[in-house]
Amino acid sequence: MAVTVEAVGLTKVYGGGRTPAVDHVDLATEEGEYLVLLGPSGCGKTTLLRMIAGLEQPTEGEVRIGGEVVNGLPPRARRIAMVFQSYALYPHKTVRQNIEFPLKAEKQPTAKRRERAEWAAELLGLSALLDRRPRQLSGGERQRVALARALVREPSVFLLDEPLSNLDAKLRATARDDLKDFHERVGTTTIYVTHDQVEAMGMGDRIVVMLDGQVRQVGPPQAVYEGPADTFVATFLGSPPMNLVPREGTIVGFRPEKALPAEVLGAALDGHRRWTLDVQRIEYLSGDRHLHGVATGLGEQAPVIVRLPATVLTPIETGTKHEFVVRDDDLCWFDPETEKAIDGPAG
């Protein structure tokens with residue numbers, strides 16, 4: 001049965017340091033949720049995961065699993081299973097032996113070990129590979145063996161620490177689909193750590209954006225993308241990132257794909273802001289045009305990027321000025337001192 005995981009005031013300070021790796025984090029999963037911890041390297045997301053797992057002890061705060069405080073309990077007693085960046089498979093053991101290993105360590109009967117291993121292998125498409133050794137498997141297959149080994153323990157919570165980072169781009173895309181499908185079938189509460197926003201946006205029911213050991217925003221991927229809580233979230237999510245333009249004591253932001261050439265809308269400009277882009281460079285990426293230049297008319301002159309899909313055929317040349325529009329509803333506003341989101345001016 002899926003359970004909830006809670007971090008209450010969770011803090012970790014290493015050695016005699018003053019700067020916490022994790023700084024008073026309050027966080028709770030929902031039952032059966034796929035929660036993704038997202039942030040740059042060194043932001044504290046792996047340390048937070050390891051404290052939930054019991055591999056690190058918090059300096060302050062509590063970890064609760066299924067409503068019970070588990071501080072001080074070893075990982076096995078927490079009924080969690082963790083899959084690491086390195087799959088840590090035993091090279092001299094077969095796939096079957098690797099999957100059965102945690103059950104053998106618990107002295108489970110041979111028949112039960114075999115039954116559970118074959119069930120997990122079938123669920124993850126490994127039945128034909130049970131007699132192979134890890135060196136005979138692809139990266140994606142090794143990742144599934146690591147998942148199967150975790151699954152046979154019937155954990156209440158899965159903790160995944162960048163399990164796809166060793167795969168190439170094509171395999172990563174396939175493995176993302178496999179992991180999401182696996183979660184939907186098993187329904188176990190899952191916490192997934194990544195620095196890859198594509199993984200976070202594509203896999204998470206909710207994402208937790210972290211920086212400097214603190215949670216900056218929690219929410220469904222689309223809500224966080226469209227309504228960032230501060231300028232860090234605004235520029236960390238999205239490729240290209242959100243444009244930020246200083247304007248009369250505020251900062252106005254908009255996503256590159258939200259801008260359109262003015263002529264596309266014709267006379268229907270109600271609820272839009274018109275501005276000019278001095279186009280300095282054009283990139284063609286996956287059919288889209290990325291226009292790099294300097295914007296005027298939204299506030300102070302500022303560098304911006306506009307992403308035009310292949311369906312927008314308006315001819316635009318480097319070294320020219322072109323009029324663009326962006327909907328008022330697509331603008332985000334931030335306080336320049338706190339960098340936090342604020343309500344925009346009326347009209």
Side-chain angles (χ1 to χ4, degrees), residues 2 5 27 29-41 43 45-46 48-49 52 81-85 87 123-125 138-144 146-148 150-151 157-211 215-229 232-242 255-258 285-288 290 305 307 309-311 330 332:
V5 178
L27 188 64
T29 68
E30 298 170 3
E31 272 198 31
E33 179 179 35
Y34 205 113
L35 186 73
V36 178
L37 306 183
L38 173 68
S41 296
C43 73
K45 55 190 185 294
T46 292
L48 176 57
L49 195 77
I52 292 170
M82 191 163 179
V83 177
F84 297 92
Q85 181 175 340
Y87 308 134
L123 186 67
L124 288 158
S138 69
E141 289 166 343
R142 290 177 195 168
Q143 179 246 334
R144 281 185 279 148
L147 277 174
L151 181 61
V157 181
F158 274 114
L159 305 177
L160 307 179
D161 187 10
E162 305 216 40
L164 308 185
S165 59
N166 292 329
L167 305 182
D168 62 37
K170 185 175 181 181
L171 268 178
R172 283 171 78 109
T174 303
R176 281 199 301 270
D177 292 340
D178 289 344
L179 281 174
K180 191 65 177 174
D181 181 58
F182 165 71
H183 176 260
E184 289 173 357
R185 282 182 285 161
V186 175
T188 303
T189 301
T190 300
I191 303 178
Y192 185 102
V193 161
T194 185
H195 65 275
D196 187 326
Q197 59 175 293
V198 174
E199 288 182 13
M201 297 291 288
M203 297 171 68
D205 296 320
R206 288 188 302 158
I207 60 176
V208 179
V209 185
M210 295 186 65
L211 180 69
V215 172
R216 303 298 285 262
Q217 189 169 2
V218 182
Q222 185 176 359
V224 174
Y225 181 79
E226 295 183 353
F232 167 73
V233 177
T235 53
F236 186 73
L237 284 179
S239 182
M242 179 176 280
R255 293 290 179 193
E257 67 273 14
K258 298 297 186 180
L285 299 171
S286 302
D288 293 349
H290 290 201
I305 303 173
R307 189 175 83 194
T311 51
D330 290 330
C332 298

Is there a side-chain contact between F236 and C43, using heavy atoms and a 4.5 Å cut-off?
no
M201 side chain near I207 side chain, heavy-atom distance below 4.5 Å
yes
R255 side chain to A234 backbone, donor-acceptor under 3.5 Å
yes
Heavy-atom side-chain proximity of L35 to T189 below 4.5 angstrom
no
Test of understanding: with salt bridge (charged side-chain N to carboxylate O under 4.0 Å, His left out), list the residues that count as partners of D288, not counting sequence neighbours.
R307
Residues K180 and M203: closest non-hydrogen pair is NZ-O, 2.6 Å
Atom pair CD (E141) and CG (L124), whose distance is rounded to the nearest 0.5 Å:
12.0 Å
Compare every heavy atom of A310 with every heavy atom of G287, then report the nearest pair and how far apart it is.
O-CB, 3.3 Å
Atom pair CD1 (I191) and NZ (K45), whose distance is rounded to the nearest 0.5 Å
14.5 Å
So E30 and D205, do their side chains get closer than 4.5 Å, heavy atoms only?
no
On a heavy-atom basis, which atom in P256 and which in M242 lie closest, and how many Å separate them?
CD-CA, 4.3 Å
How far does SG of C332 sit from CD of E226, to the nearest 0.5 angstrom?
8.5 Å
What pair of heavy atoms forms the shortest contact from D161 to M82, and how long is it?
CB-CE, 4.1 Å
Rounding to 0.5 Å, atoms CD (E257) and NE2 (H290) come to a distance of 9.0 Å
Min side-chain heavy-atom separation V209-L37 under 4.5 Å
no
List the steps and the verdict of side chain to side chain contact (heavy atoms under 4.5 Å, CB included) for L179 and L147.
CA-CA 9 Å; L179 281 174; L147 277 174; 3.2 Å; yes
Separation between CZ (R142) and CZ (R144), nearest 0.5 Å, reads 12.5 Å
Is the shortest side-chain heavy-atom distance between V208 and V36 below 4.5 Å?
no
Of L48, L27, L38, which meets side chain to side chain contact (heavy atoms under 4.5 Å, CB included) against M210?
L48
Does any part of the side chain of L160, heavy atoms only, come nearer than 4.5 Å to the side chain of Y34, both counted from C-beta?
yes
Between OG1 on residue T188 and CD on residue E31, distance to nearest 0.5 Å
11.5 Å
Ignoring hydrogens, what is the shortest heavy-atom contact between Y225 and G238? Give both atom names and the distance.
CE1-CA, 3.8 Å
Checking E199 now: which residues fulfil side-chain hydrogen bond (donor to acceptor under 3.5 Å, both in side chains) with it, not counting sequence neighbours?
R172, Y192, T194
Taking every heavy atom of H183 against every heavy atom of T190, the minimum-distance pair comes out as CD2-OG1, 3.3 Å
Partners of R216 by salt bridge (charged side-chain N to carboxylate O under 4.0 Å, His left out), sequence neighbours excluded?
D230
Can you find a heavy atom in the side chain of V83 that is under 4.5 Å from one in the side chain of L159?
no
How about E184: does its CD atom have over 12 heavy atoms from other parts shown lying under 6.0 Å from it?
yes
